[in-house]
There are 2 protein chains.
Amino acid sequence: MDQLRETLKGHHLRTTTCREDVLSTFISKKNALSHGDLEGALGENYDRVTIYRTLKTFLEKGIIHKVLDDEGLRYALCSHNCSEEQHQHDHIHFKCNECGETNCLENLHIPPVQLPLGYQPQNFNLLIQGTCPKCN
Amino acid sequence: MDQLRETLKGHHLRTTTCREDVLSTFISKKNALSHGDLEGALGENYDRVTIYRTLKTFLEKGIIHKVLDDEGLRYALCSHNCSEEQHQHDHIHFKCNECGETNCLENLHIPPVQLPLGYQPQNFNLLIQGTCPKCN
DNA sequence: AAATATCTTGCAACACAGTTGCAAAAAAGG
DNA sequence: CCTTTTTTGCAACTGTGTTGCAAGATATTT
Ligand SMILES: [Zn+2]
Ligand SMILES: [Zn+2]
Ligand SMILES: [Zn+2]
Ligand SMILES: [Zn+2]
């Protein structure tokens with residue numbers, strides 16, 4: 001509870017009930033969430049637009065990061081020290097085709113790639129799809 | 001021209017002008033294309049819905065494959081022998097943040113990853129974002 | 001070349017995702 | 001409690017993708 005306020009303050013954001021609820025939803029569910037997922041979880045409490053704006057703000061401030069998915073965009077908590085200045089992620093994302101959940105494999109890093117000359121990489125996004133341990 | 005008909009026939013598809021035009025657009029532009037790109041290129045000639053359906057058909061028949069992108073879905077030609085039965089891709093996609101183009105790096109393969117126990121991988125999608133040689 | 005069966009297209013209508021402007025409400029700071 | 005600044009809700013709008021159905025085009029057979 002107070003933990004949430006601290007996190008928001010640490011990223012220079014005012015504490016509002018919507019931001020607390022969205023953040024706490026990300027913490028309790030551990031998988032990546034789409035806007036629709038949040039709308040479902042927080043129900044009638046907040047306007048769709050407010051949730052969109054909250055996601056955008058969290059993204060900019062380095063609280064969450066984008067997770068690419070074959071059926072759209074999702075978001076997941078940044079576990080490390082991301083900030084307004086820079087996101088730093090090199091972990092792998094796994095989507096289960098059975099249960100549909102997408103998760104960060106935090107301690108599984110994307111192996112380095114030798115790009116052809118002239119390509120200047122800035123960030124990496126590896127999605128592996130298949131069956132997760134729960135559905136296996 | 002006749003090449004197009006051959007490709008379509010090879011995938012058990014009737015030749016129609018829309019399919020020929022979409023296919024030839026994929027061949028001439030070499031980067032990954034979104035539905036909107038095609039709508040822009042083919043202009044007034046075809047209905048939006050027809051282009052959607054053409055993409056869906058091409059996808060199913062193994063003529064094109066999905067390319068994940070932080071701003072949506074794109075499609076690119078399958079260079080190897082994909083079919084209705086199976087797509088086989090393990091190459092890397094690169095999106096340039098300057099010009100916005102996304103391309104297949106056909107001869108750059110995704111390095112193997114050792115997943116934790118219980119994870120059963122089926123397919124892989126690695127997107128690298130940065131600056132491409134043209135914009136460097 | 002015409003008839004037939006089958007597949008493809010365009011249209012209209014819809015469902016869902018995401019954005020913008022603006023006035024009212026809430027938070028932070030004194 | 002008052003002021004400043006940020007955030008929210010609402011309404012309206014744009015964009016993306018889907019579905020049903022009748023009309024049109026393609027391949028196949030006669
Ligand atoms: Zn981050
Ligand atoms: Zn992640
Ligand atoms: Zn393929
Ligand atoms: Zn590709």
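Every chain is numbered from 1 and lettered A, B, ... according to where its sequence line falls, protein lines coming before strand lines.
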Open item on the list: With a 6.0 Å cut-off (strictly less than), is the heavy-atom count around CD of A:Gln122, excluding the residue itself, greater than 12?
Closed with: yes
Task: Neighbour count above 12 (heavy atom, 6.0 Å) for A:Glu71 CD - done: yes
Open item on the list: I'd like to check B:Asn31 versus B:Leu33 (side-chain heavy atoms, cut-off strictly below 4.5 Å). Are they in contact?
Closed with: yes
TODO: Would you mind reporting whether B:Thr54 and B:Thr16 have side-chain heavy atoms less than 4.5 Å apart?
DONE: no
Any donor and acceptor pair, going by atom type alone, linking the side chain of [X] with main-chain N or O of [Y] inside 3.5 Å?
X        : Y        : answer
A:Asn136 : A:Pro133 : no
B:His89  : B:Ser79  : no
B:Arg5   : B:Thr15  : no
B:His93  : B:Val67  : no

What is the distance, rounded to the nearest whole Å, between atom [atom1] of [X] and atom [atom2] of [N]?
X       : N      : atom1 : atom2 : value
A:Glu39 : D:dG9  : CD    : P     : 12 Å
A:His11 : D:dT7  : NE2   : P     : 15 Å
B:Asp47 : D:dT19 : CG    : P     : 15 Å
A:Asp70 : D:dG17 : CG    : P     : 13 Å
B:Tyr46 : D:dA25 : OH    : C1'   : 13 Å
A:Asp21 : D:dT7  : CG    : C1'   : 15 Å
A:Leu23 : D:dT7  : CG    : P     : 15 Å
A:Glu71 : C:dC16 : CD    : P     : 15 Å

TODO: Look at the aromatic rings of B:His91 and B:His65 and report parallel, tilted or perpendicular, splitting at 30° and 60°.
DONE: perpendicular
Open item on the list: Classify the ring geometry of B:Tyr119 against A:Phe94: parallel below 30°, tilted from 30° to 60°, perpendicular beyond 60°.
Closed with: perpendicular
TODO: Would you please say whether a donor-acceptor pair under 3.5 Å links the side chains of A:Asp37 and A:Ser34?
DONE: yes
Open item on the list: Please list, in numerical order, the residues of residues 50-59 of chain A that have a heavy atom closer than 4.0 Å to any atom of DNA chain C.
Closed with: A:Tyr52, A:Arg53
Within the sub-3.5 Å range, which N or O atoms of nucleotides 28-30 of chain C have a protein N or O partner, and how far apart are they?
residue	atom	partner	partner atom	Å
C:dA28	OP1	A:Thr15	N	3.3
C:dA28	OP1	A:Thr15	OG1	3.0

Task: Closest-nucleotide 5' rank along DNA chain D - winner of B:Arg48 and B:Thr16 - done: B:Arg48
- [ ] Determine: side-chain N/O of B:Arg19 to OP1/OP2 of C:dT8, distance under 4.0 Å, yes or no.
- [x] yes
Open item on the list: Using five pairs at each end of the helix from C:dA1-D:dT30 to C:dG30-D:dC1 to define an axis, what is the angle between those two axes, to 10°?
Closed with: 30°
